[in-house]
Amino acid sequence: MRRSPELKPNLWDALTAGVVVVLAVACAAAFWGRGGGTEQLTMVVSIDGAEVERLNLDGGQGQRVYTGNGYTLTAAFSPEGVTVTEADCPTQDCVHSGTIRRGGQSIVCLPGRIIIQLVGGPADRDGPDVIIG
Amino acid sequence: MEGVWVLLTALLLTACAAPGPAEETPVSRQIVAMDTAMTFTVYGEGAAETVQAAVERVQDLETRLSRTEDGSEVSRLNGSAGAPAAVSEETYRLIGAAMELGEEAGGAFDITVAPVVSAWGFTESAFRVPEQAELDELLTHVGPQHIRQNDQRQADGTYLVELDAGTQLDLGGIAKGYASDCLAALFAERSVERGWVSLGGNVLAWGTRPDGAPWRIGIQDPKHPDRQQDLGLVGLEDAFAVTSGSYQRYFEEDGAVYHHIIDPATGYPADSGLVSVTVVAGVERGGETALGSGTMCDAFSTALFIMGEERALDFWRSSGRTFDLILVTEDGRVLVTDGIADRFTPEEGSGYRYETVS
């Protein structure tokens, strides 16, 4: 009768298994972290095309006042998002824009040429790249 | 020895998950130009330079085509009504294209309706309801018959255009579409692989997303104009999409709502039963030209809004042009033409009824 092969694990097998586990974890991290918006939610403000402030929203809450083209608005921010609470522009579109909460969203004051945009934060893979209209 | 093979297999699997094109980081920039917010997003080598070139191209167009900027070609033309004025070849051809598209659309798109739009206060955001007598007088200056183009090129390379006294041009209904055509040509010239541009209600979807899927273009829900909320997504690759909607600019007076899309036939905001019109057409890769599909989409989005559902769909079927439509009606229907129906995903729970039109 033929003898079964030796099945007892040796040191080389243990080392290989360990490497496989480490690579599997790295693989999963790379897959789930891919473009996953691990960046923190950040408010980027530009006036007349030039960036004037970049603020990490995880840092707490508060408000900022921005002036462009003779118009002034007040933006309240918190880790949940940004809202324009007050503006002296004639259209008030920025005030009516409500609260923006996700990367890619923005509030625009056309008369003041002020744009408040959110970048980073959790990615919405099924959401739109851009909304038209 | 088996362990070596296991190790190699694991390495191979890891390589599969390694950062690929999906990890590309775009260069993105927002500006205010042509009285709207614009976003430029470009991926790949030289993206920053391409974004800068795109911004400069749009700003140059604004400088020449703006009706409200002193010294622009259009302002000078409007200021010399009753006498010939010299404009650049580019402006001359854009005026000609606008007139042709307006004629195709049966006059529903008209670049001479500007004084009427101003009478409603939409130019300066000083809203008012004009008297009928005022509108009647202004409408006598509206129509392409009040524009004369001289196709003789002048020694300095300009062309002469003459407006009748009282007539004013506003290229705002076509300039952003023209700009998107120019940016498509710019992207082709610079061999840009992927990106997108949003010029107010005009989108250019160039190439695909980094994962190879079409760009996901959300159509703004007119019921919630103050929120960035879509009523559906259309997947687009190498395409233009332009939306005109009554929710984009309007005011209320004595309980009535007046929006900014003025019917050149009546002088009043179009009461067509539609609340938004999106026109979609493809980019012809390798054949990108100014005065292409982007310009057409911009003009037709306004014209078809004014036409209303029935006329707009008749026009779509019979115009001989290749484009598709997403119409949103006042009674809560979303009509998607069959050329893009398989690329359109309705938003669940939006409350709209979705229909495919052939």
Side-chain angles (χ1 to χ4, degrees), chain A residues 10 12-17 19-24 26-35 44 46-51 68-69 89-93 95-102 104-117 119 124-133, chain B residues 2-4 6-7 9-11 13-14 16-20 22-24 28-33 35-37 39 41 55 59 124-126 196-198 201-203 205 209-211 215-222 225-230 233-234 241-245 247-249 276 278:
Chain A
N10 57 30
W12 173 247
D13 291 329
L15 185 64
T16 303
V19 170
V20 168
V21 168
V22 169
L23 290 177
C27 183
F31 180 80
W32 295 108
R34 179 181 294 174
V44 180
S46 63
I47 300 176
D48 220 2
E51 185 177 316
N69 199 29
C89 62
T91 59
Q92 297 288 297
D93 287 342
V95 177
H96 297 148
S97 294
T99 302
I100 53 173
R101 304 173 192 278
R102 291 196 324 264
Q105 291 184 315
S106 57
I107 298 175
V108 179
C109 173
L110 285 178
R113 303 171 86 88
I114 302 169
I115 299 174
I116 300 172
Q117 187 184 21
V119 298
D124 182 2
R125 291 176 183 285
D126 297 325
D129 294 299
V130 57
I131 294 180
I132 182 176
Chain B
E2 291 100 1
V4 173
V6 171
L7 189 59
T9 305
L11 284 169
L13 287 171
T14 306
C16 291
E23 303 293 335
E24 290 178 36
S28 191
R29 187 166 161 197
Q30 283 197 310
I31 64 165
V32 172
D35 201 26
T36 191
T39 305
T41 300
V55 167
Q59 289 174 333
E124 302 293 338
S125 296
W196 57 265
V197 175
S198 173
N202 291 244
V203 165
R209 298 173 87 180
D211 61 7
W215 295 104
R216 297 167 66 85
I217 312 300
I219 307 301
Q220 174 68 43
D221 185 345
D226 296 338
R227 282 184 255 154
Q228 288 163 45
Q229 182 172 327
D230 62 80
L233 298 175
V234 59
V242 181
T243 297
S244 288
Y247 60 88
Q248 292 168 331
R249 195 173 290 186
S276 92
T278 300

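Within every chain, numbering begins at 1; the chains are lettered A, B, ... in the order of the sequence lines, protein sequences first and strands thereafter.
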Check whether [X] gets within reach of chain A through its side chain, its backbone, both or neither, counting any heavy atom under 4.5 Å.
X       : result
S276(B) : neither
V55(B)  : neither
I217(B) : both
Q59(B)  : neither
W196(B) : side chain

Any idea which heavy atoms bring P128(A) and G218(B) closest together, and the distance?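 Smallest interatomic distance, heavy atoms only, reads CB-N, 3.8 Å.
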Checklist entry - Can you name the closest pair of heavy atoms from S46(A) and Q30(B) and give their distance? => result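 In this case the closest contact between S46(A) and Q30(B) is OG-O, 4.1 Å.
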**Message:** List the residues meeting side chain to side chain contact (heavy atoms under 4.5 Å, CB included) with A37(B), not counting sequence neighbours, and say none if there are none.
**Reply:**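 Counting only residues at least two positions away or on another chain, A37(B) forms a side chain to side chain contact (heavy atoms under 4.5 Å, CB included) with V108(A).
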Listed partners of Q105(A) passing side chain to side chain contact (heavy atoms under 4.5 Å, CB included), at least two apart =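 Expected list: I100(A), R101(A), R102(A), Q228(B).
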**Asked** Roughly how far apart are I31(B) CD1 and R113(A) CZ, rounded to 0.5 Å?
**Response**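 Between I31(B) CD1 and R113(A) CZ, I get 8.0 Å after rounding to 0.5 Å.
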Could you tell me which portion of T99(A) (side chain, backbone, both or neither) has an atom closer than 4.5 angstrom to a non-hydrogen atom of chain B?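 For T99(A), no heavy atom lies under 4.5 Å from chain B.
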> Would you call I115(A) and V32(B) a side-chain contact if the rule is heavy atoms closer than 4.5 Å?
Replying inline: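 Heavy-atom side-chain distance check passes, below 4.5 Å.
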message: Do D129(A) and R209(B) have side chains that approach each other closer than 4.5 Å (heavy atoms only, starting at C-beta)?
response: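 Of all side-chain heavy-atom pairs linking R209(B) with D129(A), at least one is under 4.5 Å.
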**Item:** Name of the residue among V203(B), N202(B), D230(B), V234(B) meeting side-chain contact (heavy atoms from CB on, under 4.5 Å) with I132(A)
**Value:**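 Only match with I132(A) under side-chain contact (heavy atoms from CB on, under 4.5 Å): V203(B).
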